[in-house]
Q: 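Pasting in a structure now, in structure tokens, and then I'll have a few things to ask.
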Amino acid sequence: MLYSLAYGRGEFMQRSISTAILAASGLMAVGCQQKAPEAPAMPAGEAGFAATFQERLLDAKPGDVIEIPAGRHSFDRSLTLRADGVTIRGAGMDKSVLSFKGQKAGAEGLLVNGDDFTIENLTIEDSKGDGLKISESENITIRGVKVQWTGGPSTRNGAYGIYPVLTKNVLIEDTVSIGASDAGIYVGQSDGVIVRRSRAEQNVAGIEIENTINADVYENVATGNTGGILVFNMPGLSQQGGNIRVYNNKVIANNHENFGAKGTPVASVPAGSGIVINSNDDIEIFDNEIRDNATTNIIVSSVYSTGYKDSSASPNFDPYPERIFIHGNTLSGGGDSPDGFDLKALKVAMYGLRGSFPDVLWDGYYNKDRVVDGRKTGPQICLRDVSGVINADGPGGYKNPSKDMKPYDCELPRLPAVDLKRG
């Protein structure tokens with residue numbers, strides 16, 4: 001096996017949320033109008049806040065805005081929201097902090113199941129499991145949110161930082177995720193997604209788009225992770241992903257040793273992976289700065305490189321990456337110290353002890369019976385502006401790898417931008 005890549009998520013979630021009532025008080029004309037009663041202020045800091053916040057989440061109704069004051073607020077159990085049309089708003093990232101360091105009950109920090117949900121301007125820290133998890137919901141906005149584990153990268157950290165799954169119309173912007181033992185920013189089995197202007201560092205996977213349709217990932221920074229940006233289709237899930245653009249990102253020095261829990265798929269992601277495309281179709285990677293990722297800057301692969309067995313796949317799963325267009329990226333460094341014995345041996349055999357892999361590594365798996373417009377057609381992996389590619393010959397046991405660039409001298413139509421229709 002050349003290397004293994006993470007696969008297989010797809011959890012369902014529950015709903016919950018709280019509400020904040022803003023009281024408006026108007027100036028009164030003397031002897032005329034009575035002053036409207038004010039809603040009780042939500043207590044700041046430790047005293048009383050946790051219970052009040054939990055109550056407001058449980059009683060939340062459409063249109064509620066729940067304000068979280070500045071301060072560090074500690075919780076010993078998960079928070080849950082089950083309501084549509086709710087906004088949770090902090091006083092600012094790093095100003096309003098929800099800490100789960102002493103969590104005794106539940107795994108996640110905040111679980112949400114509700115449409116038209118917005119969460120912004122706050123930090124979630126040290127949850128036992130996922131930081132912010134949103135499931136089976138539509139029209140989601142996650143803005144100015146940080147999720148982190150303050151003790152540094154550790155297998156004991158929660159799996160996912162920001163985690164929408166089974167969702168539609170999702171906007172993630174200006175967020176930060178640090179220290180997740182699986183993926184910092186993860187979107188799975190969803191449709192219509194934008195991830196932009198966010199930062200992922202010291203996670204196993206920085207940003208991961210999995211079994212998701214129609215996603216734009218741009219103007220993000222992924223650095224110091226095991227793998228920078230992952231675009232995956234996993235075999236056991238019902239929805240096949242595709243139509244994903246990754247552009248104008250900085251994917252730099254993702255060389256952290258893998259600290260995923262043993263036995264989990266993510267534990268086999270090679271340290272030093274920049275952008276990884278796995279068993280996905282209709283992917284466009286362009287105008288990124290990708291450099292200094294020690295295994296290689298870009299990997300194109302099939303789940304067959306992970307030891308995947310056919311019996312575990314859903315009926316509509318296509319294991320082969322097809323119609324991949326990589327162009328216009330700024331690439332440098334990387335490939336000099338691949339992770340894992342097989343990759344090290346391949347690098348030395350092809351490029352010598354002091355050599356490096358080229359910008360693109362393809363495992364070589366493709367559908368030999370693929371037909372397009374009545375003609376047998378290869379995988380259509382089209383490469384521009386790269387230092388080279390190595391076909392590792394996974395199907396042949398990696399015995400006959402090739403450096404030939406000719407099969408990749410092609411172009412594909414540009415993919416359309418994702419429009420969330422939010423104006």
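Owing to the predicted nature of the structure, the values given are computational and were not obtained by experimental measurement. All residue numbers in this chain count up from 1 along the given sequence.
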Q: Inspect the contact between Glu411 and Arg384 and indicate whether a charged nitrogen and a carboxylate oxygen are less than 4.0 angstrom apart.
A: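 A salt bridge is present here (some side-chain N lies under 4.0 Å from a carboxylate O).
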Q: What disulfide bond (SG atoms under 2.5 Å apart) pairs are there with at least one residue in residues 370-423, not counting sequence neighbours?
A: Cys382-Cys410
Q: Before giving the answer on side-chain contact (heavy atoms from CB on, under 4.5 Å), spell out for Gln239 and Asn316 the whole-Å C-alpha distance, their side-chain angles and the decisive distance to 0.1 Å.
A: CA-CA 8 Å; Gln239 176 172 293; Asn316 65 339; over 6 Å; no
Q: Kindly give the heavy-atom pair with the smallest separation between Pro164 and Ile142, and that separation in Å.
A: CG-CD1, 4.2 Å
Q: Can a salt bridge be assigned to the pair Arg196 and Asp174 using a cut-off of 4.0 Å between side-chain N and carboxylate O?
A: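 So Arg196 does not pair with Asp174 through a salt bridge.
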Q: Taking all non-hydrogen atoms of both residues, which atom of Ser190 and which atom of Thr167 are closest, and how far apart?
A: OG-OG1, 2.7 Å
Q: When rounded to the nearest 0.5 angstrom, what distance separates CD1 in Ile244 from CZ in Phe232?
A: 11.5 Å
Q: Establish, for the pair Lys403 and Tyr351, whether the NZ or CZ atom is under 6.0 angstrom from the six-membered ring centre and no further than 45 degrees off its axis.
A: yes
Q: Would you say the side chain of Asn220 lies within less than 4.5 Å of the side chain of Lys250, judging by non-hydrogen atoms?
A: no
Q: Taking the side chain as everything from C-beta on, heavy atoms only, tell me whether Pro321 gets closer than 4.5 Å to Val300.
A: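 Heavy-atom side-chain distance check passes, below 4.5 Å.
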Q: For a 4.5 angstrom cut-off between non-hydrogen side-chain atoms, does Thr226 reach Asn254?
A: no
Q: Does Asp282 pair with Arg323 as a salt bridge, N-O distance under 4.0 Å?
A: yes
Q: Rounded to the nearest 0.5 Å, what's the gap from CZ on Arg143 to CD on Glu173? Could you check?
A: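 Rounded to the nearest 0.5 Å, the CZ-CD separation comes out at 4.5 Å.
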Q: When the side chains of residues 412-421 are checked against the rest of the protein, which donor-acceptor pairs come out under 3.5 Å, sequence neighbours left out?
A:
unit_1	atom_1	unit_2	atom_2	d
Arg414	NE	Glu284	OE2	2.2
Arg414	NH2	Glu284	OE2	3.4
Asp419	OD1	Lys421	N	2.8

